[in-house]
Amino acid sequence: NLKLAKELLNSGCRKYCDSFSCVCPVTEEAIQKVVDVLRSGNLVQGKEVLLLEEKIADHIGVKHAICLSSGTATLHLSLIALGIGYGDEVIVPAFSYVATANVVELVGATPVFVDIELATFNIDVLQIEQAITPKTKAIIPVHEFGLAAEISYLMEIARKNKLFVIEDAACALGARENDQMVGSFGDLGSFSFHPRKAITSGEGGIVSTNNDKLANEIRILRNHGIEINGTKMNFVRAGFNYRMTDFQAALVGSQFNKLETILAYKQQLAQIYLNEIKHTQIRLPIVPDNKYHSWQTFHLLLESEKRRDELKEYLKVNKIMTNYGAQCIPNMTYYQEKYENDSIAKFSNAYMAFTCGLAIPLYDLLSKEQIIYISKTINNFK
Ligand SMILES: *Cc1c(COP(=O)(O)O)cnc(C)c1O
């Protein structure tokens, strides 16, 4: 078992990031695609970017997909394209990667936090309406860990209150609610290709939308505010450089072809965890019947921070590396100092998920035997 355990520690993607729970199988085929682009001399936003945009728009089921330089850039430009800025409020879940709230700060608006449900780690849709004020302009639901939020219901709330919706689907490419892909519900959908996500370009992201105007605005903003009309070129916005390189698009594109296979296999691995882990002090994630989980992260919940830290240490001794899932954002120093949030009282579920949660290994390079071994090791945790 020690040999197996060593394999567990040493497999995966340390070359690309130091987290055990990330997936980045860069195949020879993908490397060859990158080399081809390098040899072509067409390095930035060429035909590989266009091809990837077409493929992903088709997969999600939207009219437009626009490649950008990171997931954070996709959220940032989405807010700007919607005209959100100073004096506006944007509703975000209290438990997510901090980028979800940072982008609201970046455009000068105020993030208004709403607590999550512990069963799914997603925003508690029943608490959204009481957070809406006359200043509220948008909601950014996060499909946390690859599980769709209650997105259909959330869209009803948004439409009733005339709010925009940007889906933060950074870690949920391929996730579905009632067979509809995330990223196709809201006004805009945001995805990341960071190495911790299912497929990666190193850094990168993509925005999805059915709205022609928003798509055009984001294309202009990603490229310094440029507008090209026939042979004429003009700068109509103070834009950004949020472009993706063509070799990044080639890299992520060749993995994208295998996305559904990767997700189906992760589905099987997650099911083994769900069947095999039996421990009275550990709560397993719940998947509602109408959702297809993309299993970015398999997140356990312990009963206290102390027990969580003990489990982390115990697994480390057994050569199984773990990671923290996401942050209770109002509890981070920047947000605490600026808004004086009492996160422990106001966002008790987010605080619990942050302090008592633990992400265990789940990626497609692991074998079923390894997943069973990890499950048994967890079951023996005293
Ligand atoms: C990864 C992630 C981001 C940021 O994506 P980057 O590509 O790293 O900028 C934003 N939101 C969530 C929920 C994420 O998981």
Side-chain angles (χ1 to χ4, degrees), residues 13 16-19 21-24 52 56 65-80 90-107 111 113-114 116 120-123 138-149 151 154 165-175 182-183 186 188-208 218 222 240-245 248-249 251-252 255-256 293-299 323-330 332 335 350 353-354 357 359 362-363:
C13 60
Y16 308 96
C17 73
D18 56 11
S19 141
S21 52
C22 58
V23 193
C24 3
L52 184 64
I56 293 198
I66 305 135
C67 286
L68 300 182
S69 54
S70 73
T72 305
T74 65
L75 292 170
H76 191 196
L77 290 197
S78 294
L79 285 168
I80 295 173
V90 178
I91 292 173
V92 297
F95 182 70
S96 176
Y97 186 57
V98 73
T100 315
N102 283 352
V103 288
V104 179
E105 291 284 324
L106 281 180
V107 299
F113 297 104
V114 167
I116 57 158
T120 59
F121 304 109
N122 275 323
I123 190 164
I139 310 172
I140 309 183
V142 178
H143 303 302
E144 195 60 56
F145 301 143
L147 178 67
I151 189 69
L154 186 143
V165 173
I166 304 166
E167 295 174 67
D168 184 344
C171 48
L173 186 62
V182 301
L188 295 144
S190 154
F191 298 85
S192 163
F193 299 131
H194 181 268
R196 207 179 157 175
K197 323 299 180 183
I199 57 175
T200 181
S201 53
E203 298 286 358
I206 200 161
V207 189
S208 57
I218 288 171
R222 85 171 152 184
F240 298 78
N241 174 0
Y242 277 169
R243 292 178 304 243
M244 182 186 270
T245 66
Q248 285 173 309
L251 180 57
V252 78
Q255 296 161 58
F256 175 75
H293 203 313
S294 67
W295 291 113
Q296 158 73 31
T297 298
F298 197 96
H299 195 245
N323 205 347
Y324 302 114
Q327 293 85 43
C328 177
I329 304 174
M332 298 298 105
Y335 291 96
F354 171 57
L362 180 60
Y363 55 89

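Counting convention: from 1, in listed order, for ligands and their atoms alike.
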Taken in chain and number order and not counting sequence neighbours, the residues that satisfy ring pair (Phe, Tyr, Trp, His ring centres under 6.0 Å) with Tyr97 are none

First locate atom CD1 of Ile199, then atom NE2 of His194, and finally report the distance between them rounded to the nearest 0.5 Å. 14.5 Å

Tell me, with the steps shown, if Phe298 and Phe145 meet ring-ring contact (aromatic ring centres under 6.0 Å, His included). CA-CA 7 Å; Phe298 197 96; Phe145 301 143; 10.0 Å; no

Residues around ligand 1, heavy atom under 4.0 Å from any ligand atom, sorted by chain and number. Can you pull those? Ser70, Gly71, Thr72, Ser96, Tyr97, Ala99, Thr100, Val142, Asp168, Ala170, Cys171, Ser192, His194, Lys197, Gly204

Can you name the residues that form a side chain to side chain donor-acceptor pair (under 3.5 Å) with Ser201, not counting sequence neighbours? none

CD (Gln296) and CG (Leu173) are apart, to the nearest 0.5 Å, by 10.5 Å

Check: residues 65-72 side-chain donor-acceptor pairs under 3.5 Å, at least two apart:
{"from": "Ser70", "atom 1": "OG", "to": "Thr72", "atom 2": "N", "distance (Å)": "3.3"}
{"from": "Ser70", "atom 1": "OG", "to": "Ala73", "atom 2": "N", "distance (Å)": "2.9"}

